[in-house]
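Please read all numbers here as calculations on a predicted model, not as lab measurements. First the proteins, then the strands, lettered A, B, ... as listed; each starts at 1.
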There are 2 protein chains.
Amino acid sequence: MNSTHVGSSHPAHDLPKLTKNQGLVFDVLSAEAGPMTAYAILDALRSEGFKAPLQVYRALDKLVEFGIVHRLESLNAFVACSHPGCAQNETAAFAICERCGGVNEFTPEKAVECLQAWADGAGFAPSRTTIELRGTCRDCMAAA
Amino acid sequence: MNSTHVGSSHPAHDLPKLTKNQGLVFDVLSAEAGPMTAYAILDALRSEGFKAPLQVYRALDKLVEFGIVHRLESLNAFVACSHPGCAQNETAAFAICERCGGVNEFTPEKAVECLQAWADGAGFAPSRTTIELRGTCRDCMAAA
DNA sequence: CGTGTAAATGTTATATTATTACACATATAG
DNA sequence: CTATATGTGTAATAATATAACATTTACACG
Ligand SMILES: [Zn+2]
Ligand SMILES: [Zn+2]
Ligand SMILES: [Zn+2]
Ligand SMILES: [Zn+2]
């Protein structure tokens, strides 16, 4: 697949015209079911001419800024956004299965309200919020 | 301060008899106002004979397991628990000021309930939950 | 008290994740 | 066309974390 993203299975949001490297990184992440580390992305793109981590990290910085890729802090890994709304600056939450490595993204609106209520009381002004659940997904629970 | 923790300013919980290295690491973290990286802890303990990162990481693993130290995933750093309850396996949340580096720990009971409700619906069994707010604290807002 | 076992420690080397620094190329606006 | 901002290439290095293996200590049990 080239960097025009035609036929991407992911929501188009309003993609801000990705550059060549940004497009390559986004394609690789979108084609992957689960999260990938920056170095896994690098390896996947060596055939496209990538040679240094910085090529990946710079693209990831932008994609995260655009809201179409998320960083999973507890994994030091990245995942393509799997639902609309994130580009509108909503906080996303992630359920990460420790058995199969799968990641399920959801929008924790109520939880965010509760955290915002705490922040209001504490005089804390949040700029971004990380919510990550580690555990076992439904399929892996069933397969136990 | 030696490793007996007499006079520690932190709640005693029910400390499970820390070993020498665990005690040293806990003392260093407790004496620090904010979070510390593993390597900062290592440097602080070179005078006590520490020479390798593993001495710190092994102690941290146990202290986190005991619930008296928390890992801040978005900082790759560690902080001594600043309130009781964590040893009872409650989920802690952290408000991290990007201006001054200060960390405020709190117990997000309502938010955890909301997340648990989502998990129940999704058939996801969480084992541990990360909640970290990045932003600006009250003092730094005022000093703006 | 011995003795077996689990836990903790010491040490070296290595793996993984991320950034700094600097040169060069490309896009876009005026 | 230029000025400026943004993106890219590349090498070197920093920061974070783990693997592997030998040795020591804690402590339950006979
Ligand atoms: Zn998203
Ligand atoms: Zn699973
Ligand atoms: Zn705590
Ligand atoms: Zn502050």
Determine whether B/V69 and B/M36 fall in the same hydrophobic cluster, where Ile, Leu, Val, Met, Phe, Trp and Tyr are linked whenever their side-chain heavy atoms lie under 4.5 Å apart.
yes
Report the residue (B/A52 or A/A38) whose heavy-atom-nearest nucleotide on DNA chain C is the more 5′ of the two.
B/A52
What's the closest nucleotide to the side chain of B/T19 if the choices are C/dT9, D/dA17, C/dA18?
C/dT9
Selection from D/dT10, D/dG9, C/dT9 that lies nearest to any side-chain heavy atom of A/K20:
D/dG9
Which whole-number value in Å describes the distance from A/D43 CG to C/dA15 C1'?
13 Å
Distance alone, cut at 3.5 Å: any donor-acceptor contact between the side chains of A/S127 and B/E98?
yes
Candidates D/dT16, D/dT10, C/dT12 - which lies nearest the side chain of B/T37
D/dT16
Could you check how far CG of B/L18 sits from C1' of D/dT25, rounded to whole Å?
16 Å
Atom CD of A/Q22 and atom P of D/dG9 are separated, to the nearest Å, by 12 Å
Whole Å only: how far is the CD atom of B/E48 from the C1' atom of C/dG10?
16 Å
Output the rounded distance in Å from NZ (B/K51) to C1' (C/dA13).
16 Å
Selection from D/dG7, D/dT16, C/dT17 that lies nearest to any side-chain heavy atom of B/Y39:
D/dT16
Close residues, residues 53-64 of chain B, relative to DNA chain D [heavy-atom separation under 4.0 Å]
B/L54, B/Y57
Pair listing, salt bridge (Lys or Arg N to Asp or Glu O under 4.0 Å) test, anchored in residues 101-125 of chain B, at least two apart:
none
Please give, in whole Å, the distance from D/dT10 P to A/N21 CG?
11 Å
Report yes if a side-chain nitrogen or oxygen of A/N76 is closer than 4.0 Å to either non-bridging phosphate oxygen (OP1 or OP2) of D/dA17; otherwise report no.
no
Rounded to whole Å, CG of B/L45 lies from C1' of C/dT9 at a distance of 14 Å
Using a strict cut-off of less than 4.0 Å between a Lys/Arg side-chain nitrogen and an Asp/Glu carboxylate oxygen, indicate whether A/E48 and A/R46 qualify as a salt bridge.
no
Just how far, in rounded Å, is C1' of C/dA18 from CD1 of A/I41?
13 Å
So, for B/H70 and B/F94, is the gap between ring centers shorter than 6.0 Å?
yes
Just distance, no hydrogens or angles: give the donor-acceptor pairs under 3.5 Å from side chains in residues 50-66 of chain A, sequence neighbours left out.
| residue | atom | partner | partner atom | Å |
| --- | --- | --- | --- | --- |
| A/Q55 | OE1 | A/K51 | N | 2.6 |
| A/Q55 | OE1 | A/A52 | N | 3.0 |

Phosphate oxygens OP1/OP2 of D/dA17: is one of them under 4.0 Å from a side-chain N or O of B/R71?
yes
Pair B/R128 + A/E132: basic N to acidic O under 4.0 Å
no
